Engineer: 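Supplied in structure tokens, the structure appears directly below.
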Amino acid sequence: MRLISKVVEHTLYKPNRTGDRAMQPERFEPRFRIRERSCLGRRIMTVDTGDWAKHHIYMLHGGAYVSEACPFHRSAMKTLADRGFRVSYIDYPLAPEHTYSQAMPVVTEGWKMLCGLYNGDTMHLLGDSAGGGMALSLLMQLRDSDGTMPDSTALSSPWLDVTMSDPEIDELQKTELLLSKTALVYTGKAFAGEIDPRDPRLSPLFGHFENLGRIFVFYSDSELFCPDCRSFVQKASACSGTTVYSHCEKGMFHDYLMFTVSGPARRAYDTLADFYEKRI
């Protein structure tokens, strides 16, 4: 796993560009229906099996704001589609070529587009890692602008403070299997551009959490993001208009939901389906 950590760190400093190869339609089996659209020059792909229950997930992928979606994200989409969900993915602009100021309007417009096209669907948000931070940022923006709010939001190991300022993170770095604080701070600054990295738009942990609706946070006690996830759950749980559910998995690596074949991930998807369909 230490070798994996070094590989991950290298890709953050020198991200690969493949033209979004992992998320091309031919990478999905024939049982999936694929629709592709353009949003402000970026690609939105919507996937379902034709056997769905009117629940539609807008998925924002992780990758420290510099990496393309990977096969693990494709696997997550397929897992959710096989469970009866319609899932839409957006190829939002990445650093270092682009910054938050260029990426977030694409993400926001993608949400508006899908809400208009699928106005009969029950709309949800899902973000993992950096995509989790972006999902929470979008949720707060929609609240503040009286936009169309999702029915519920799920965050998988969300990156909530790009400055990585919690002192507990340094101790967790000693056992972290995948992430590097130094590399993350570097990519966070690149994505911030001219914006202060502590701005709640980039680091939503520093925002306020009233009236955000239903949120579920999945994370691990062994990952660098654990202190910030725990802090968010505690703060948001005390806010009116926001209901927070959370699950902290013991001893797992960062963003374990994307490793869909693992036992903890399969159990998490059971919980996620129950959450979206309001069985919990």
Side-chain angles (χ1 to χ4, degrees), residues 1-13 15 59-67 69-73 75-76 79 125-137 153-189 191 197 202-206 215-237 244-269 271-272 275:
M1 293 297 286
R2 291 298 176 191
L3 176 60
I4 296 175
S5 177
K6 290 297 183 183
V7 171
V8 171
E9 183 174 4
H10 175 76
T11 62
L12 297 188
Y13 286 116
M59 176 177 160
L60 303 177
H61 74 87
Y65 297 121
V66 299
S67 295
C70 70
F72 291 114
H73 295 109
S75 179
T79 296
L125 284 178
L126 170 63
D128 74 286
S129 196
M134 184 173 277
L136 184 55
S137 178
T153 299
L155 310 173
S156 171
S157 296
W159 190 13
L160 301 176
D161 172 13
V162 299
T163 71
M164 308 289 285
S165 57
D166 192 298
E168 189 179 340
I169 291 173
D170 291 326
E171 188 64 27
L172 284 166
Q173 184 69 84
K174 298 175 182 178
T175 54
E176 166 67 51
L177 297 174
L178 296 177
L179 302 179
S180 160
K181 174 183 174 180
T182 302
L184 288 168
V185 170
Y186 172 82
T187 65
K189 287 181 178 178
F191 189 63
L202 285 161
S203 296
L205 187 63
F206 301 118
I215 302 174
F216 206 120
V217 185
F218 298 87
Y219 63 103
S220 164
D221 67 346
S222 301
E223 64 171 304
L224 292 190
F225 296 164
C226 175
D228 292 337
C229 290
R230 187 173 59 229
S231 178
F232 169 72
V233 169
Q234 291 171 348
K235 292 177 181 179
S237 296
V244 181
Y245 304 82
S246 67
H247 176 73
C248 180
E249 187 70 26
K250 302 295 184 182
M252 282 297 286
F253 45 81
H254 166 69
D255 206 9
Y256 70 93
L257 264 71
M258 297 300 108
F259 191 57
T260 57
V261 297
S262 71
R266 290 197 299 270
R267 291 191 292 273
Y269 282 104
T271 302
L272 186 58
F275 171 68

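Because the structure is a prediction, the values reported are computed rather than measured.
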Engineer: Sequence neighbours left out, what passes salt bridge (charged side-chain N to carboxylate O under 4.0 Å, His left out) with D170? Give chain and number order.
Structural biologist: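 Salt bridge (charged side-chain N to carboxylate O under 4.0 Å, His left out) list for D170, sorted by chain: K181.
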Engineer: Atom CG of D221 and atom SG of C226: how far apart are they, to the nearest 0.5 Å?
Structural biologist: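 Going from CG on D221 over to SG on C226, the span is 6.0 Å.
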Engineer: Which donor-acceptor pairs under 3.5 Å do the side chains of residues 252-261 make with protein atoms, sequence neighbours left out?
Structural biologist:
residue : atom : partner : partner atom : Å
H254    : ND1  : E223    : OE1          : 2.7
H254    : NE2  : S129    : OG           : 2.8
D255    : OD1  : S156    : OG           : 2.7
T260    : OG1  : S75     : OG           : 2.6

Engineer: For the CD atom of E9 and the CG atom of L179, what is their distance to the nearest 0.5 Å?
Structural biologist: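 Rounded to the nearest 0.5 Å, the CD-CG separation comes to 10.0 Å.
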Engineer: Of all residues at least two apart in sequence or in a different chain, which pass the ring pair (Phe, Tyr, Trp, His ring centres under 6.0 Å) check with F216?
Structural biologist: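 Ring pair (Phe, Tyr, Trp, His ring centres under 6.0 Å) list for F216, sorted by chain: F218, Y245, F275.
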Engineer: Just to verify, what does D228 make a side chain to side chain donor-acceptor pair (under 3.5 Å) with, not counting sequence neighbours?
Structural biologist: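 Counting only residues at least two positions away or on another chain, D228 forms no side chain to side chain donor-acceptor pair (under 3.5 Å).
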Engineer: Taking all heavy atoms of M134 and all of Y65, pick out the closest pair and write down the distance.
Structural biologist: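 Looks like N-OH, 3.5 Å.
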Engineer: Heavy atoms only: give me the nearest L272-A154 pair and the separation to one decimal.
Structural biologist: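 It is CD1-CB, 3.3 Å.
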Engineer: Does the side chain of I169 reach to within under 4.5 Å of the side chain of P227, using non-hydrogen atoms?
Structural biologist: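 Side-chain contact under 4.5 Å: yes.
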Engineer: Quick one, T271 and H247 - any side-chain contact, counting heavy atoms below 4.5 Å?
Structural biologist: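 Side chain of T271 against side chain of H247, heavy atoms only: no contact under 4.5 Å found.
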Engineer: Return the set of residues passing salt bridge (charged side-chain N to carboxylate O under 4.0 Å, His left out) with K235 (not counting sequence neighbours), or none when no residue passes.
Structural biologist: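 Partners of K235 by the salt bridge (charged side-chain N to carboxylate O under 4.0 Å, His left out) criterion come out as none, since no residue qualifies.
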Engineer: Of all residues at least two apart in sequence or in a different chain, which pass the side chain to side chain contact (heavy atoms under 4.5 Å, CB included) check with S237?
Structural biologist: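 Here the qualifying residues are V233, V244.
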Engineer: Tell me every residue that passes side chain to side chain contact (heavy atoms under 4.5 Å, CB included) with R266, counting only those two or more places apart in sequence or in another chain.
Structural biologist: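 Partners of R266 under the side chain to side chain contact (heavy atoms under 4.5 Å, CB included) test: none.
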Engineer: By side chain to side chain donor-acceptor pair (under 3.5 Å), which residues pair with E168, not counting sequence neighbours?
Structural biologist: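 Side chain to side chain donor-acceptor pair (under 3.5 Å) check on E168 returns R230.
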Engineer: Is a side-chain N or O of S203 found less than 3.5 angstrom from the main chain of F206, in a donor-acceptor match?
Structural biologist: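 Such a contact is absent between S203 side chain and F206 backbone.
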Engineer: So, for A130 and G63, which heavy atoms are closest and what is the spacing to 0.1 Å?
Structural biologist: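 So the minimum-distance heavy-atom pair works out to CB-N, 4.2 Å.
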Engineer: Can you list everything that forms a side chain to side chain contact (heavy atoms under 4.5 Å, CB included) with P158? Sequence neighbours excluded, please.
Structural biologist: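 P158 satisfies side chain to side chain contact (heavy atoms under 4.5 Å, CB included) with L155, L160, V217, C229 once adjacent residues are dropped.
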Engineer: Can you find a heavy atom in the side chain of Y186 that is under 4.5 Å from one in the side chain of Y13?
Structural biologist: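 Yes - at least one pair of side-chain heavy atoms lies under 4.5 Å apart.
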Engineer: Rounded to the nearest 0.5 Å, what separates atom OG in S231 from atom CG in L205?
Structural biologist: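 S231 OG to L205 CG: 4.5 Å, rounded to 0.5 Å.
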Engineer: Quick one: does D128's side chain get under 4.5 Å of F72's, heavy atoms only?
Structural biologist: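 Heavy-atom side-chain distance check fails, nothing below 4.5 Å.
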Engineer: Which residues pass the side chain to side chain contact (heavy atoms under 4.5 Å, CB included) test with A64, not counting sequence neighbours?
Structural biologist: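 Testing A64 for side chain to side chain contact (heavy atoms under 4.5 Å, CB included), a comparison that skips the adjacent residues, returns L12, V66, W159, L184, T187.
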